[in-house]
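Take a look at the structure set out below.
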Protein chains: 2
Amino acid sequence: MPRRKSATEPAARGRPRAYDTEAALKQVTETFWRTGYSGTSLDKIAAAAGMSPPSLYAAFGNKHALYLEALARYWELTLAATREALAGDRPLAEALMLAYDAALSFYIPRKGAARGCFVIGTAVAEAVEDAEIRKSVATGLRMIDADFEARLCTARERGELKQDADPAALAVLASATMHTIAIRARAGARRAELREIARKATSVICGCPVEADCAATRSHSSMESE
Amino acid sequence: MPRRKSATEPAARGRPRAYDTEAALKQVTETFWRTGYSGTSLDKIAAAAGMSPPSLYAAFGNKHALYLEALARYWELTLAATREALAGDRPLAEALMLAYDAALSFYIPRKGAARGCFVIGTAVAEAVEDAEIRKSVATGLRMIDADFEARLCTARERGELKQDADPAALAVLASATMHTIAIRARAGARRAELREIARKATSVICGCPVEADCAATRSHSSMESE
DNA sequence: CATATTTTATAACGTTCGTTACAATTATTG
DNA sequence: CAATAATTGTAACGAACGTTATAAAATATG
């Protein structure tokens, strides 16, 4: 599996690559996202990536390794988006709504059809039988939980939550809200409906009303319009 | 698709069936549950049902119709279990915990490996591309939401919730809690961990602490030990 | 007991699956 | 300009896919 190792490499001996690995992986992710791991053939993957099957195998290994790489890349992007939303000095409700809006821009891109969450829509299906996928899912879920809990602990320290609030319990609900949105997006729910769910959940978690336009920043994720 | 219409039928003309339709469907569901729709071949299905492919087709149509029937049966069973848990004069916290315990007995049977929720683990993956499956998922989710909301409305009337509580918002969280449990079960989470999640969520929803052994009735679902 | 009817099991249908040999192509190296 | 090295596209591999034709088997009817 010879991949480019560094930008300042001596040379490139043989015939040059006709593809960009990152761009190909992006397209492959897009394909798995819609039809899942088992439901996506290598022919369709190759067509989406604009690569021939042998090139695909040289670059990524096999179908399974390719999916794992797509899954890892997805976690990186979504975890970063969630952390960015929760970071900073925003009020708790705004931070949470920002996180849900970021998720929504992944789940329902402004261009293209709704597809929900890559993990919940495709990886969860394989997780029971596939130990590697299961581990990736479990680890990712745990990290999101931890990010929410950290933010809720901060909120309590700052007096944004009542002193007797349970950050761990509220973090569970914050994660659960993201999960239910991911599921409903894949089941065809409208964006506005899902945002309303996010708003209601945030109200309960924060213990105060949240306006409909809270944190409506129209941010554009890089993954949004692939 | 000639199926038995009534128990008091005149006779049975040709060679008698060697299978029981309901028992076969149960086994088929079990198989789809683990490996999903796309990931389960008809050979495996036939083996699980103890039927040959032609009998399978005569009884159910084709693979797709068979899956839809399994999905419909699953919704019936789980909706009934949820309604039974929420019905009656139990305190709200006990009713919710009973619903989560019922779900857990589906997701992690006491005999056999964990498998999560059939809908969230297998149907959600197909929902994006398959309109019929998508509709079944959307309808089922809506019914669970409605059941939770009705119970929460009752709770507010009974004074179990503060008068300014929002039953619709709390219902979203009650459903979301079930969804996150379903996802985590498929990702390998332990039963105790998931029950703790249910307990914490119930505490927040009800606005009061919930003991760890609340509603621990060890009920046995018919689907639990298939 | 022959006929009609239904389900059975076997085996096959053409297609698609994931994967890989192979030879042609395109670059660098000496 | 050879020689070497890497990647390309094509075409193939056997296996598995969903589905169905076919004929034997098992029942009720007349």
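Numbers restart at 1 for each chain; the letters A, B, ... are given by sequence-line order, proteins then strands.
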Using a 4.0 Å cut-off on heavy atoms, which residues in residues 130-137 of chain B reach DNA chain D? List them by number, or say none.
none
Side chain of B:Tyr57 only, please: which of D:dT19, D:dA25, C:dG18 is the nearest?
D:dT19
Check nucleotides 12-17 of chain D for protein N or O atoms closer than 3.5 Å to its own N or O atoms and list the pairs.
unit_1: D:dC17; atom_1: OP1; unit_2: B:Ser41; atom_2: OG; d: 3.2

Please list, for nucleotides 11-13 of chain C, all pairs of protein and nucleotide N/O atoms separated by less than 3.5 Å.
none

From the candidates C:dT26, D:dG9, C:dT6, the one with an atom nearest any side-chain atom of A:Pro16 is C:dT26
Measure the acute angle between the ring planes of A:Phe118 and A:Tyr74, then classify it against the limits of 30° and 60° as parallel, tilted or perpendicular.
tilted
Starting from C1' on D:dT27, measure out to CZ on B:Arg17 and report it in whole angstrom.
13 Å
OG/B:Ser175 to CG/B:Asp145 distance, rounded to the nearest 0.5 angstrom?
3.5 Å
For the side chain of B:Arg13, starting at C-beta, report the closest nucleotide among C:dT6, D:dG9, C:dT10.
C:dT6
Would one find a side-chain N or O of B:Ser55 under 4.0 angstrom from OP1 or OP2 of C:dT7?
no
Could you check A:Arg15 against A:Asn62 and say which one's nearest nucleotide on DNA chain C is further toward the 5' end?
A:Asn62
Could you check whether A:Thr122 and A:Tyr67, counting side-chain N and O atoms only, form a donor-acceptor pair closer than 3.5 Å?
yes
